[in-house]
Every structure is written in structure tokens, then in C-alpha cells.
Amino acid sequence: MESKIICAGFGGQGILSLGKFMVYAGMEQNLEVTWLPSYGPEMRGGTANCSVVLSDKPVASPLITKPNILIVMNTPSLDKFESKVEKGGLILVNSDLIERKISRDDVTVKYISANTIALELGSARSANIVMFGAYVKYGGVVSKDTALDALMHQFEGKKGADSIKKAFEAGYNL
Amino acid sequence: MESKIICAGFGGQGILSLGKFMVYAGMEQNLEVTWLPSYGPEMRGGTANCSVVLSDKPVASPLITKPNILIVMNTPSLDKFESKVEKGGLILVNSDLIERKISRDDVTVKYISANTIALELGSARSANIVMFGAYVKYGGVVSKDTALDALMHQFEGKKGADSIKKAFEAGYNL
Amino acid sequence: MKVQIDFEKCKGCGLCVTACPKKILKMGAKSNKGGYFVVECIDKEQCIACAACAYICPDSVLEVR
Amino acid sequence: MKVQIDFEKCKGCGLCVTACPKKILKMGAKSNKGGYFVVECIDKEQCIACAACAYICPDSVLEVR
Amino acid sequence: MPKWTKPKMLTDATLSFCPGCSHGIATKLVAEVLDELGLQSKTVEVASVGCSVFSYNFFNCDSQQAAHGRAPAVATGIKRVHPDKIVFTYQGDGDLASIGLAEIVHAGLRGENITVIFINNAIYGMTGGQMAPTTLIGQKTSTSPFGRDPKKQGNPIKMCELLATQTGPAYIERVMVSDYANILKTKKAIKKAFEYQIAGKGFTMIEILAACPTNWGMNPPDAMQFIKNDMAANYPLGVYKDIGGDK
Amino acid sequence: MPKWTKPKMLTDATLSFCPGCSHGIATKLVAEVLDELGLQSKTVEVASVGCSVFSYNFFNCDSQQAAHGRAPAVATGIKRVHPDKIVFTYQGDGDLASIGLAEIVHAGLRGENITVIFINNAIYGMTGGQMAPTTLIGQKTSTSPFGRDPKKQGNPIKMCELLATQTGPAYIERVMVSDYANILKTKKAIKKAFEYQIAGKGFTMIEILAACPTNWGMNPPDAMQFIKNDMAANYPLGVYKDIGGDK
Amino acid sequence: MTKKVLMKGNEAIAEAAVRGGCRFFFGYPITPQTEIPEYLSWRLFEVGGDFVQAESEVAAINMVYGAGGAGGRAMTSSSSPGISLKQEGISYMAMAEIPAVVVNMVRAGPGLGGIQPAQSDYSQAVKGGGHGDYKLLVYAPATIQEAVNLMYIAWDKAEQYRIPVFILGDGMMGQLMEPIELPPMKQPNDPEKFDWATTGSHYGEGRRIINSLYLKSEECLQQNYRLQAKYREIEKNEVICETIDCDDAEIVLTAYGSVGRICKSALPILRQKGIKVGLIRPTTLFPFATKVFEEVANKPNVKRFLTVELSAGQYNEDVRLAVNGKKPIDLLSRMGGEVMSAEDIVEKVMEVIK
Amino acid sequence: MTKKVLMKGNEAIAEAAVRGGCRFFFGYPITPQTEIPEYLSWRLFEVGGDFVQAESEVAAINMVYGAGGAGGRAMTSSSSPGISLKQEGISYMAMAEIPAVVVNMVRAGPGLGGIQPAQSDYSQAVKGGGHGDYKLLVYAPATIQEAVNLMYIAWDKAEQYRIPVFILGDGMMGQLMEPIELPPMKQPNDPEKFDWATTGSHYGEGRRIINSLYLKSEECLQQNYRLQAKYREIEKNEVICETIDCDDAEIVLTAYGSVGRICKSALPILRQKGIKVGLIRPTTLFPFATKVFEEVANKPNVKRFLTVELSAGQYNEDVRLAVNGKKPIDLLSRMGGEVMSAEDIVEKVMEVIK
Ligand SMILES: Cc1ncc(C[n+]2csc(CCOP(=O)(O)OP(=O)(O)O)c2C)c(N)n1
Ligand SMILES: Cc1ncc(C[n+]2csc(CCOP(=O)(O)OP(=O)(O)O)c2C)c(N)n1
Ligand code: SF4
Ligand code: SF4
Ligand code: SF4
Ligand code: SF4
Ligand code: SF4
Ligand code: SF4
Ligand SMILES: [Mg+2]
Ligand SMILES: [Mg+2]
């Protein structure tokens, strides 16, 4: 089992954190994990993405060229990565920011109004948490409890922890 | 025919010039020539030497390890180079500054009171010219006239040219 | 014509808002393709074309005639 | 004992000669192994042990007691 | 008659700076001055390494991108080949006052007839907010996480003061872009520097106190206040050297 | 009681300097001061590249030979490991003011608690007499064969003036070794610098106007006159910075 | 098993340095390694060490020279252009025999290039980018864990041989996060215990001199002999190299660092396709695993080699020297910050074996 | 025949540069090459050029970058430690494709080393002492006359390929005097005629940018491909190599630069002793004379090679790569500024053939 995920979107959407949540969840479940961000000043105001691998064997290559899961938070990222997803893979689309539909029919697609949901829950900035919830549901390598545990661990003692949980649940229960 | 000469002495004795006189003379006689000085700050107050090659073929190596002619102007230089002279070679010794005698018997040796002679001719600094004269006489690859011509060419228009000539003649006529 | 705003070029930094002596610039609610909320002129009539906004704008978004 | 000259160490620069208030140092005619003409004290009696020579000598040739 | 339009010496490329970054203002002012002096077809820009590294994409003239800190050396090379052309460097504080200190001082000593636009934002912007040689005492950066302590991280360098002690520089002024009035003053200083270069008077440098909202962790208007209140208090504005009429 | 004997901080090695070279005088003075302050077993010298490159053979203590211009950086490394030891650099003008300019200024800005002995002989001695950053206007050298012309070869750098503008240095003085009286003043200045270091006051530098008879083409007494008449006229003697009691 | 922690490569390297006894850092920011100085700018003060953001890479390496020569455990880190600026200093350190650690998180070159991962500083690190005949002990970790383990022993090796140790990483490794096990805290040696360190305590006969100048060529020759003898010793003792499946392999891949890791992921894919493939992944680049290559090249089952690297063939030169014409060698290379995938490697293998 | 003049190597190189069109020099003094800047400090003003004694080697190479990028014929010269400091700048010049000339009169290393002749900067010059995948056009003259001839064409080649040309000399060549023939004065090209030079005349679309930054890795890759293609072109066209007596040789000596010259003087001695000896003396080090070595190595009469160099085997690595295991290779090396004599070479040959 090796899950190769690319998360992509604008800088400031919490893309890199989204990837880290997966990694922490994977660790909690005793998986081997890697997280590799795009980096450098070209990120300034531009796009951000990260590659996450969760595996039951040591991760050989942290660099993903063909993800089996793609989580996209804006249109340019979808344009860039859509064609790279493996046949039979999964694409989670933030439909609040991406108007178009996926053109492939050999992948599973979920459209998620992550921003709307987050806003409704009163925490506009947790669209990425909503996506994380959806990932745990559909991406399926970590259990819901483990994932939630790992996530809440990151927000331990911080205010707004409660709305984080709500956002996660909302994403998971879509 | 290849003449490999090392000139050696204190800095300030005109050792490097002595080598150049040979080279100019060689050129005048259409020989192939090279001149290679020891260099660098270790020369400061220390010893100076140069390697001169005069040859009728292109000079392959300007670096001389076994000279067939050695011209020495002080004792440390004699100590350093005496044993390196090729069998049957020639050593010209400035006996004013070197008290000891050559210990080898397989080389020709000429002892020359170069400083005394120069002083007598009224130009204390031309001991090296005296040695040059002696070299032309005993070292024998350039004719006297050519050598003198080449030498005087270097002093053209400079004062003291006359005493230079005298010093050369004195060295040659020893 | 006075002040003119190039919608896509604005980065929503808000500097022009602080610079305008007439206080007629304010951050808008609409964002452009870069994801930036773009400044708006709320009362073009009042603009005295002093160009204070244009001078401070780092991105040459504003043109003042 | 006053001024003392270490014959082999002198480089014959002449600085001590200029420094001596008593004008009792002068360049000699003898050279050492380094080929330098060594300074001489022409009248030790007059030396006031002021050490001006020693201070200026770059090579610690002079000792003054 | 237009009161303000984009100068022709700026290309259409989107500036790669963050929202509210002073680099945008300074770049624009230089372009305006070059326009006004009619220098478009006789200028070479030297871009340095820092957030302004892409300035060769922004200035609408010939340009060379220089190694970190070496823009004054590169400018020297260009100017010696083309003494009749206008050559200027555009450098950040890390570039000019840290790694490139020897190059800027010696260009000044040579009286190299170039203009230096020096953007002092008290931070290494490009690499993400490390301490700059000009970081203020007490200022937190990613390599002075507890605030700059002179005992541990040394003291801020004052470039105008330093260069003004030497013979060679013709005109040195420190300005800031904190507000409209000061932006106009900055433009005037830049213009004067280029006029000196045209007249062959020698080395000119304009130090511009500037904001890096991103790495200062401030919104742009607050960052402008920080320039005015904090930067200018530590780096006094003014003319530090002006040889005036003589050459 | 001896009025003068060779200091113990000098080894018996013959100095590698030319006859009448001021390096000999300066080296001796430093050694005397170290003797007098009892620092023999707690000092590290940093030798630079220049005619004094062998000073590690002359000073009778631990020593590191540094790359050309980098002695202040090397000294910084040593001092950070051994803050309780005395660390000093011995540098020429090419080393300190040309290739090593960034290193000396930043060591100064850091207030690095080291002492710098700076021998300004207005020439590159070691390499045979090329122009130094401190070569006087009009002075002939092997790379300014017609005399230094500020338009062609730039202006002499004034290090004391330059460093004194910055916060960090504790004590900066310019002295000369032209004659007995000035040699005593030089020694006093050197001593004060080391005392400041012992007291932890920070960066100290003594600039010593010095002669290079060989490359100046003068006999040593004339060279001493040149220091007094020409060097000191262009490089005024005096204290440029002294924080005195405060740290 | 100790609890694993999730860390970015650069930070893990920094923490491992501290645990390995490093107490002094001198460096200058540059992407993609800046997290190393950023981390150490607070961490070293916690352990009584010191951190100096130098005015330049040139100053930084010379500060390391000073601190290392004084017996402190010192390091610097940078990325390609910054490492180029350190070449004079590195050459000095090699000649003066300064123990210290230099990290290069390689980015794309030449020139200002790009900031994405590359391996195009191989020759600089291994053949000597500085002047003169010298070698560094060059480690090229493939994973963060390996980087941590090597950082941990780096100063021990540096002091054992009085040699600068060079860690050749790349941008990817620096930015990557993965869970690692950190070794326990180790105390550095007391500088006073070294018989060569300029601790400022020595006067007269026993004084210590750190130096790289030998004006007399006979003496310079002797010091060079000394260095060469040390390098031979290191070649004898310090080779680290991983070999996988070479016993029946018909084609042997070889790669180092992050690319070695990617090659590993290509192995099962190829085996699944029925290709008999092996891998030689050296961890030390100097000393080079020449013997390993010789042995593998001598195996009759091995038909050919495929070198995989993020440069135009720099590493491949050492592979060719070691294989010495015994078997043909192909090269799969990427440049400019582009990184090949396991699939690219598979494709290349299919191409060369047909 | 033109009248020969007696000149010191360094001065002849400087004069040949001027005659080859060089108009700008930026450099910093260092033994044993200082006569080059000293000579040019007056000579360039005579021809309307300019001379700047830079504040350091780092500044000097970046001045050359500026001047070369602006279309001027510019050069710098230095010796080993100074060349190390120029590595970043050289890498920039390679990527930005600046035509210019860099001279290294190599001295003994590593570190401050000594000032006597050496060849221990071979790898730095040929493999890339700076970061990234780049090559220089490297000339290694054996005589002053050859140096003069190469200096004379250096800028033509540099401009033809937009590449930095590197002259790898040594201390001996710089200090040596011998009679040479100087080529006639050549005028440099007008910078305005280049379509890439930043002459300050361009505005808008046609403006010129000299740059080495490519943040997008695909673009960085493309620029690297461009460079590599250029290097292949140079390998095709620019190899210069002298071969002597290889047709019947049993042992083939190989050496470059001054050592090549010394080897030549060993040939007649060896032939007199009845030893069938040949010599391969490459003048270009990049491009390397691989084909020449291959052909000679394939000759049945050739039994073995002997590489002779003033370094620990740096040049020998390229010899080994070219011979590729076909014949055994021995090495005669000196370091630290010591130079082997023709007799030493003869002795070594006698030893290896028995
Ligand atoms: C030799 C070298 N060292 C370090 C870097 C990394 N670097 C790029 S920009 C920069 C600092 C930029 O700061 P500054 O000059 O103040 O410009 P700013 O971004 O603040 O405008 C550094 C250290 C580099 N590119 N080259
Ligand atoms: C990197 C480097 N560049 C150049 C040199 C050559 N070099 C040796 S000493 C020196 C100048 C010395 O002048 P200065 O510092 O004034 O010392 P002085 O000899 O006059 O006392 C130079 C350029 C070198 N050794 N290393
Ligand atoms: S031109 Fe002046 S008044 Fe008009 S919007 Fe701009 S700042 Fe306000
Ligand atoms: S200053 Fe410019 S970029 Fe900033 S908000 Fe105003 S128009 Fe937009
Ligand atoms: S001690 Fe004084 S008086 Fe005596 S010799 Fe020396 S300078 Fe002259
Ligand atoms: S000062 Fe010293 S070296 Fe000079 S002459 Fe006097 S004793 Fe001799
Ligand atoms: S990081 Fe700072 S200096 Fe750089 S572009 Fe952003 S705001 Fe400007
Ligand atoms: S060359 Fe000059 S500085 Fe050097 S030792 Fe001689 S006199 Fe002193
Ligand atoms: Mg900055
Ligand atoms: Mg000097």
C-alpha cells in the first residue's frame, strides 16, 4: 500500500498544513510518511503545493510525479495536475474556487464547497480542514479516529480547536 | 650542443642580469635560449639564482637540475650547486666572496677575484660583468665579439658603459 | 477622468487608501485572479487628481489624468 | 654595559644611527654573514642608555642595559 | 495632461514583489527619473540578488544580473567599456552592506561614475526574513529570533555615514518612501544622482528606507509607519555628501 | 636594570623583513606589550598574508595563519571558542583595507572583542610593490607607474575615519613609527588596545603608519621621513574612537 | 525504539549536528538550506554554543577555519553559489588540517541558476573545487535519517583525521519532512586536549601553529605527502556503500543521495517486469567505493551499468574510472532542478537493455 | 621571420592579450603572475583600454563579467588561491555565456601553499571548480610562444562560442624568459555589433539581458541543454593535441603545459637508450583529446602509458577515462612546487618498463 498525494492551491490556503495533517495521521497509524513542499520565492503570491506519501514500506521516493490522490484548491493547480493523476485515482476539488468540472472519467471525483462550509461553521480559514475531513473519508488509508486525534493534537491548547473539529467532521460527513 | 648554466649568489649581486647577458649573447648568435629565475619573496635578502640554456635546438626544458656550467658568487650557492654540475663541466668561482676551494676533481674550475677586479676598475658593482667576461672565455658557446656587442647593447646610452666594457675585457682576459 | 484602477494589477495592499487626502479610496470586496481584494474609488467626483495614490502604489495600478 | 650590538643580526638599515641623540652610532665597514654592513658604536662612554636606538631597531639587534 | 501614468522605462511585466512592498515604489521612481532625463536608450541596469533580482525584467533597458553583492563590480566593468552610457545598480541591504561591502566601498573610493540605488529594508527579504546588516536593535528576524542584541548579533551598519567619510563619492543621500511627500523627495534625490552621473561627477548613492511588510509581519500601512517612526530614527535622513559643482 | 632587551614574546627566529622595515618595529612593540601585560600563555595571534605572513614564527604564542584578508573572520572563530583568551590580528593595508574590507568592518560592527594591529605602509610589500588601497595620490607603484591618479586609480582609503562612524568599535587610534617619540606613543596605543580587550570592551584597532623602504625605493631613514611628512599629512594621527569607561 | 519525530531535513541536520557535539555555526542565508542557520540561531545558545551570521560565505568559512583550528566543533552550511565562494577557505582548511563540517544542499546551477535540487556540484566536492591536491571526506546521504546519522559522526571523523568533512545533500532533502530517530546528546571534546589546537594556552616551544604556507617546495612537498598518506588511509577505512541485488543482476543502477533513494523505488517495478536489476549506492563519495564497482563489474552476470544523476555526468566519471572499461555504462541525467521519477528510470532501463 | 624579442612569460602573455584585442583588465596582485597586471597597468592605456586593480579577486571576476557582458574584450589573471575565489564568478560567466579570458599561473597548493610551479588546479579548471554543470575552453600552453599564440586567438574563440576561455599556465612559464615572435596588433570587435551585449543602447523589445537565473526548473534545464550542446560542438571542433613518435612507441608519455615540454626533452635521451617512446601532449584540456588517446591506446605497438604531472594524479584521471582500461597507465607525479627533470622521467620510464 502506498498512497501518493498531491495537495495544491494558492499560497495562504493552508495547503502545506493540509499535507502535514495527513503525515501526522499516517504516523499515528504507524505508516511510513514523507512530506515535500514546493519551495522558494516563486511561491510568493503564487501557487503552493506539497507531495505526501503514506506507505507501509519505507518510502523510496518522496517526489510524486503521478499521484493517486489529488486535492486541489484552485483552478491553475487543477490545470497543472489533473492529467497526472493515476487511472482509478481520486481527485478532491474545492468547488468554491474551481468552476470547471474534471474532464477525465477514469478517476473518482468529489466536488466540495470547502470555503462555503468553513464559512458557515464560522471559520473562513479552515477550508483546508474540510478538505482534510473529506480526504480521510474518501482517501481511506487512516481511520477517522486516528486522523481526528492527530489533527486535534496539532491544535492542542489553541483557541478555535472546537471549530477545527467541526470543520473536519463536516468534511468527513459530506 | 646545449649549454646549461646556473648563476647563483646573493640578491643584489646582479646574478639575474648576468644570466640575461648570456641570453642576449646567445640570441645574437642565433641560438635558442631560455632564462629562468628563482623568484618570490624568499629572495628578499636571501640567495638568487637563475638557469640559462643556450642551445642550437629548441630548448625542451628550461629547468636545469644538472648544469654543465656553474657560476657562483657566494659560498651558500657553491654549497648548494657544486655537486650538481655534470662531470667534465665548468665552475666559475668568485674567489673574493668564496674562501673555500672546490672539492671535486672531475670539473674545470676557475677562481676569479671578481670584486677586486671590478673595484680596481672603479665600478664595484660590475663584478657580475667580470664573471660574464670569464664565462665567454671559458664557457665558450658565443664568440667574444658577439657577447660584447650584446652586452654593450644593454648599456647603450647609459653612463658607465665604458667601465662595463673594461670589466668585461678584464674578465675575458684573465 | 481622474483616478483609474487597473483591476487585475492591484495587490490590495491598501497603501493608496492611506495616501488619498480625500479619503475616497477603500478596500473593495471583490478579488481578482491573483486572489487579491482590489481597492475601489467610492466617489470619483471628489478626486482632485493629486496623484498621491498613484505615487505610493507599488504596482502602478492607478493612473491619474 | 650600555648599548650592545649583535653583529650577526644587524641588517645595516641605519635607523639607530638617526635615532641616537649622542650621535655615537655609525655604519661600519664590516659586513656579516648576511652581507650587511653592521652598525658600530664609536664611543660607548658617551652612551646614556636612553634606548632610542633599541626602540627603533626593527631587528632587536641592540640591547641596552 | 496626465498627472500620473506608468513610466515607459517600466515593462509590462507584473512586479514579483509582495503587496505593499517598497521595492515596487522605488523601482517605479527610478523608471520615472530615467524617463524624465531621456535616458532610455543609453542605460544599463545592474540587478542584484535579493527580492529585486528580477528587476532586469522590469526596467525597460539593457540589464545585467550580478552575483550576490557584486553589482558595483559588474557596474564598474560595464562603465569602463561604455563610459558614455548611464550605469546604475539596484541593491538590497544584504547585498550591498553585508556580502558586498568591499565592492560598494571601493567603487565609491574609485569615484566610479555610477549610481547606486540602495534599498534598506532592514531584512533579507528574498530568503525569507533573516537578519540583515541593517536590522534594528531589538528587531526579531528568523536568525535573531529573540530580537537583535548587539552583544550577540552586532550593530546595524550605517552606510551613508560610512561612505561619506571617504573621498570618491560625489553625492550620498538617505531618503524614505513612507508617504507621498517623502516619495517625492526620494524621486528628487534619485534624479539628482543621475544628473550627477550625466555630468561625470562620480559615484552617487541613494539609500532608501523601505518596507518589507511580509517579513516584518505587518500590513503595508503599518510597515510604512515603521519606516517613519523606527527606521528613520535609527537611520537619519539627509544629504551625507554632496560635492556640488566641483568634479 | 636593563633599559631594553628583546621581549620574550619574540622567538629567536630572524625576522624575514627587509632592512629598516617598520614591520620589525611593530612586531617588537606588540611583543613587548604582551610581555608587560603577562599575556604570553593566553594569547592567539592571527597572521595575515603580506610581508608579515610569517609572524606566526615570530610571536612566541599560539598562532593561526589566515587567508588573505580574512584574519578578522579567523579571529572571530577563535574568539568565539575561547572568549577568555586574547586574540589579535596583524594585518597589512592590502589585506585589511582591500580584499578584507568587509571582514574588518563587520568584525568592528559586531564589536568582536579582538585587537587589530593594522600596518599601513601604503603598498603591497609582499608581492613586490603594487598599489595599495592606501597608496598616496601621486605615489608611484608597479601598478600605478605614473603615480596614483584619483581619476584612474581611485582615492586612498581612510580606515580609522571609516570605522569610527560605526557603533561596535571601542577604541581606534592612528599612530606612526617614524621616530623614537612616536614609537613610544605607538606602544602606548597598542597597550591600551589590549587592555580594552582584557576588559571586554570590544573591537580595538591601531593603525600604524609604517615604512616599506624596499618598495618605496628609499633608504630606511628617508622612508621614516616620508612617514612623518607625507603619510601623516594624508592620514592624520590621533584617537578616532574611544568609548572609554563604558562597555 | 526511540520515538520518531517528524522534521524537515534541514532542521534534522541542524539538530543532529548539535547532538553530534557541534557548538559553533558560522554561515550566511541561502535557499534551500536557510532552515539550518535559522534553527541553530536559537538552538546553539541552548547548549552553550555560539552562532554567528557571517557577513558572507567567504567570512563564514574562515570563521570555521579559526574556530576549528582552535579546537571547537564548528560547521558552516550553504548551497551551490555560496559553496563556490568557500573554495579558497576549504583548500586552506584541507592543507592546515582543520577538522570541521561543511554542508552543501545543492541547487541547480551554474550561476544563480535555480533553487530546485541538483547534484551538479559533485566534481567540486569530490575532485576539489579549490586549488591544490586535496580531498574532503564526502558523505552523500540518501535519506534524512542517514543525514542525521552522518552528521552525528561527522566531527568524530573530522577530528580523527584532522580533515574537513563535507555533507553533499540537495534541495529536496533539505525541504523534505519525514519521521526520524534522533541520537542522544554527545558532548564535544575539550579543545585543550588536542595537541594541535590554538587554544591560546601555549607559549614558547610547545606553541601551536595552524598554517598552510610552505614556501620551500621540499617542505610543501612533504606536507602534500602527509595529506596523500592520510587520504590513502581514509580510502582504506571509511568507504560506505550500499549494494542491492547485484548477485544476479544483469543491469546495475548506480546513484547517490536522493537519487539513490529514487532508484531504490525503481527496483521492485523493474523486478516485477522480470528485469534483473541491482543497485550500487555509495554513501561516501570520497573515499569512492572503487572496489565495490570492480567486484560487481567483474561478475559475469552483470552486463551493463546505468548511472543515474542530477548532473551532466559528473558522478558518472567516477563510475567509469572504477568500472574501467569492463562493462558498458549508460547515463540517465537531469539538470536544472528537474528530478527524474522512478518511472523515468524504469523507462531508461527498458531502453538500454533492448 | 619577424624579429624575435626576449620576454618574460607573464609579460609576453600580457602583450599578446593586447595584440589579440584585449582592452580591459581587472585583477589583483598575486605571485607568480603579478607581472601580467603590472605590464597591463601602463600598456592598456596606450591602446585606449582601461586597467583596474580590483579590491579583490572576487571583485575582479565580476568586473570581467560586467565588461564581457557589455561586449568588451576583458580579462583577469591570478594564481591558485585567487582563482579559487573566482569560482562563483566563473560559474556565473559560464551560465550567462560571457566571452572573456581568465589566466591561472598555477602555484603549489592547497591553501597558501607555495609560489613554485604546480599543476594541481587541473580538476578545478577542467571539471568545474565552481558549482553546476559547466565547462570552460581550457588551453594549457607548453611554451611562451604557444601561450602567446593562444592568447592571441582566445577572445575570438570566446566570442565565437560565448564562453570563458581559461589559460592554465604555471609559475615556471610566467617567470621564464625566452625569445618569442609577437603577432600583429588586432582590433577588438565593436561591442555594438554583438546581438547580446548590454551596450546600453537598447530599449523595449530589443533590450539585452545578461543573466544566469532560471527559477523555473524547465527553463533552467533548457539553458543547461544549450550549454551542453555548445560543449559538444567545442569537443568536435576545438581539440588541439600534439603527438610525437607514437607510431612505433611501446611506451607513451603524456603530459601538458610546462611538463609536456620537459617530457619532450626526455624523448631523445630515451630513444638513445633504445626505448621506443612517444608523447601525447594536449594543448586543450577541455575539450579533451579523447580520440587521440583512444587511437594510440588501440595501437598494438603501444604497451603502456606514463602520465607525468605536477599533481597527485588529477590529469591522470582524464587519461584513464580516455584509455578506458585498454592499456596500463603509470603515473609520475610531483607536488608542492617541485618539478621533475628530464632525467627523473627517464628514470621512471626505465623503472616501469622493466
Ligand atoms: C553567494 C550567495 N549567497 C547567498 C545567496 C542567497 N540570497 C539571495 S537574496 C539574499 C539576501 C537578500 O537580502 P537583501 O539584499 O536585503 O534584499 P531584499 O530581498 O531584502 O530586497 C541572499 C542571502 C545567494 N543568492 N548567493
Ligand atoms: C587570495 C590572495 N590574493 C592575493 C594574494 C597575494 N598577496 C600576498 S600578500 C599581498 C599583499 C600584501 O600587501 P599588504 O597587505 O599591504 O601587506 P605588506 O606586505 O605591505 O605588509 C597579496 C596581494 C594571496 N596570497 N592570496
Ligand atoms: S488622485 Fe488624489 S484625490 Fe484622487 S484618488 Fe488619488 S489620492 Fe485621492
Ligand atoms: S496601492 Fe496599488 S496595489 Fe495597493 S491597494 Fe492601492 S491600487 Fe492596489
Ligand atoms: S642607548 Fe641612546 S645614547 Fe646609547 S647608543 Fe642607543 S640611542 Fe645612543
Ligand atoms: S637599527 Fe638595528 S638593524 Fe638597523 S643598523 Fe641599527 S642595529 Fe642594525
Ligand atoms: S519579501 Fe519583503 S522585500 Fe521581498 S518582495 Fe516581499 S515585501 Fe518586498
Ligand atoms: S617589502 Fe617592504 S614591507 Fe615587505 S619586508 Fe620589505 S620593507 Fe618590509
Ligand atoms: Mg533587504
Ligand atoms: Mg602594505
Side-chain angles (χ1 to χ4, degrees), chain E residues 68-70 72 76 80 83 94-113 131-137 144 148-170 172 200-203 234-236 240-241 243 247, chain F residues 68-70 72 76 80 83 94-113 131-137 144 148-170 172 200-203 234-236 240-241 243 247:
Chain E
H68 194 33
R70 319 305 173 192
T76 297
R80 298 294 175 130
D95 193 84
L96 179 141
S98 191
I99 190 170
L101 184 65
E103 282 76 9
I104 194 71
V105 173
H106 280 277
L109 287 162
R110 284 194 302 271
E112 209 65 58
N113 191 26
M131 189 182 77
T134 50
T135 291
L136 303 180
I137 297 299
S144 60
R148 185 178 195 160
D149 173 353
K151 297 220 178 72
K152 280 194 176 129
Q153 286 98 9
N155 298 278
I157 190 168
K158 304 197 165 168
M159 284 307 304
C160 289
E161 289 82 341
L162 186 150
L163 278 168
T165 54
Q166 304 295 312
T167 309
I172 296 178
K201 289 187 183 174
F203 182 88
N234 286 281
Y235 296 105
Y240 283 81
K241 180 141 198 180
I243 61 163
K247 205 163 159 175
Chain F
H68 192 33
R70 319 306 174 192
T76 297
R80 297 295 174 130
D95 193 85
L96 179 141
S98 191
I99 190 170
L101 185 64
E103 283 76 9
I104 193 72
V105 172
H106 281 276
L109 287 162
R110 284 194 302 271
E112 209 66 58
N113 192 24
M131 189 182 76
T134 50
T135 291
L136 302 179
I137 298 299
S144 60
R148 184 178 196 162
D149 172 353
K151 297 221 177 72
K152 280 195 176 126
Q153 286 98 11
N155 298 278
I157 191 167
K158 304 196 166 168
M159 283 307 305
C160 289
E161 289 82 341
L162 186 149
L163 278 168
T165 55
Q166 304 295 312
T167 310
I172 295 177
K201 291 189 183 173
F203 182 88
N234 286 281
Y235 296 105
Y240 283 82
K241 179 141 198 181
I243 61 164
K247 205 166 158 173

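Letters A, B, ... are given to chains in the order of the sequence lines, protein chains preceding strands, and every chain is numbered from 1.
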Atom pair OH (F:Tyr240) and OG1 (E:Thr165), whose distance is rounded to the nearest 0.5 Å:
10.5 Å
Which residues pass the side-chain hydrogen bond (donor to acceptor under 3.5 Å, both in side chains) test with E:Glu112, not counting sequence neighbours?
E:Arg80, E:Arg110
Please list, one pair per line, the donor and acceptor atoms closer than 3.5 Å that link side chains of residues 97-107 of chain E to other protein atoms, with sequence neighbours excluded.
| residue | atom | partner | partner atom | Å |
| --- | --- | --- | --- | --- |
| E:Ser98 | OG | E:Tyr124 | OH | 3.3 |
| E:Ser98 | OG | G:Glu55 | O | 2.8 |
| E:Glu103 | OE1 | E:Arg70 | NH1 | 3.3 |
| E:Glu103 | OE2 | E:Arg70 | NH1 | 3.1 |
| E:His106 | NE2 | F:Ala97 | O | 2.8 |

I need the E:Gln153 CD to F:Leu109 CG distance, nearest 0.5 Å.
13.5 Å
I would like to know whether F:Leu162 and E:Gln166 meet side chain to side chain contact (heavy atoms under 4.5 Å, CB included); could you show each step before the answer?
CA-CA 7 Å; F:Leu162 186 149; E:Gln166 304 295 312; 3.4 Å; yes
